[in-house]
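Quick notes on the structure that follows.
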Amino acid sequence: MYFNLLSWIKLHKDKQKKFSVIDYIFRSLTEHKLRTYLTVSGIAVCIALFILFNSLGEGLNDYISGRTSSEHLERYEEMSELLDGWLNVLTSVFVIILVVAVANSMLISISERQRELGTLKAIGITSGQVRKLVFFEAWAITGLAFLIGTLLGIALALGCDQLFTSAGSGGEGLGWFFAPAKITFRTIISAAFISIVAGTLAALYPALRAASLKPAEALRYE
Amino acid sequence: MNEKNRTNPGNRKGHDTLQKQAEGRKPKEKTPLIEVKHLQKVFTVGQMKVKALGEVSFVIQQGEFIALQGASGAGKSTLLQLLGGLEQPSSGSIRISGTKLHGMSEDELARFRKENVGFVFQFFNLIPTLTALENVMVSRMFDPESEVEAAWDYAVELLTRMALEKRMSHRPSELSGGEQQRVAIARALLNRPKLLLADEPTGNVDSGSGKHIMELFKKENRTGTTIILATHNSEIASYANRIMKMKDGRIM
């Protein structure tokens, strides 16, 4: 219900007589533009690099498997495992960066808005709803970063593919760099999954902290 | 303040709704809305225990307009926060409409506040990123669409009643202190609360706006809403039907 794109756009027209949590989050994110841009672009770069490396890795795997005779199969499998290992390490690094970036942004946002959260609680917003606000905000950041990062990642992978293919047209003596990038649906889904998981993990602590605020104490906050 | 708007609260539709509301809600006989017994609040500051409120007992009937008058530190704000369920008492009990606040969970209290209590703060506490209309609507942001639409119409009506019909799409930073406080009053009234708690509502506005705000409270009280207002100003307190003087955490 909350992530209906059309209603999200329509919400900004007063004639619609609609005001929901999406509107509240949108206003909050656009108010702190610099922080939102920095967080979203940082995460988008991580997602783009994830897509780039995975696409190059998939391409390389395909390239090697297509050219490996049965006697070299064992060596190919070793290489493939090594490659997968490195990709897993890279993925873990990206997830950590994502979680830290989003959690940091959310914690700053919550400490800046203590009085606001106290007011919301005073006028009837429950702790569970405050938790939802924080999670929705984190998912909005990672969702936007995923869209930008995916487009950037695909562009980078295609760019690398183009670059390496044209560089290699003179011969094949330069080794694995000539493997064409392969952008798969699985890579995109993995990036989406990582974004959701990272967004959720990052929002956990800030959400619990925001929900546990005592309204009277939060209202006294200067 | 736009004089034309003030003298012409005009919106006939809003006025009629106000009247109907008053007829529907005015009790046939006075019934206690609030029953407070032996209420105490002690804050712990480091190693020290500070008694903010000591052994307070009173009854407030439905439809009353009460002023809690006292100097700074007398316990007015603490009492308002206890009555609104923002703080838990150290001992004693509070009943509002027969519902015992003591022992309710945070979420139960939040729901209780949404349905029964409106808050007006000294520093308005409007959300800076939202427009005046959205600020009034903010407590309904999790509600289903159908309910939001009805609340939206009422929010527009309330802001019109507050003479803010031309300021609905303005953010708090674009409004004067008096206008911000009237938005805060509209927000407090959106859910048609039985009880309106106002903590120094005129403390941060000029005297003209202060008088206008008090007139609005008076008008709202005539519709049957019980109002408890904390102030140190005797002129402001004189708008109330009953004055409860507070000193050192006690009612005199």
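Since this is a predicted model, take the numbers as computed values, not measurements. Residue numbers begin at 1 in each chain, while the letters A, B, ... track the order of the sequences.
- Note: B:D107 leads B:L86, B:V138, B:D107 in heavy-atom pairs under 4.5 Å with chain A.
- Both the backbone and the side chain of A:I125 come within less than 4.5 Å of a heavy atom in chain B.
- Under 4.0 Å is where a charged nitrogen must lie from a carboxylate oxygen, and between A:R113 and A:E116 at least one such pair does.
- Annotation: cation-pi geometry not satisfied between B:R140 and B:Y154 (NZ/CZ under 6.0 angstrom from ring centroid, within 45° of ring axis).
- Looking at A:S127, both its backbone and its side chain come within 4.5 Å of chain B, counting heavy atoms on both sides.
- To the nearest 0.5 Å, atom CZ of residue B:R187 and atom CG of residue B:L130 are 10.0 Å apart.
- One finds no salt bridge joining A:E31 and A:R27 here, because no Lys/Arg side-chain nitrogen approaches an Asp/Glu carboxylate oxygen to under 4.0 Å.
- In this structure, chain A has no heavy atom under 4.5 Å from any part of B:F112.
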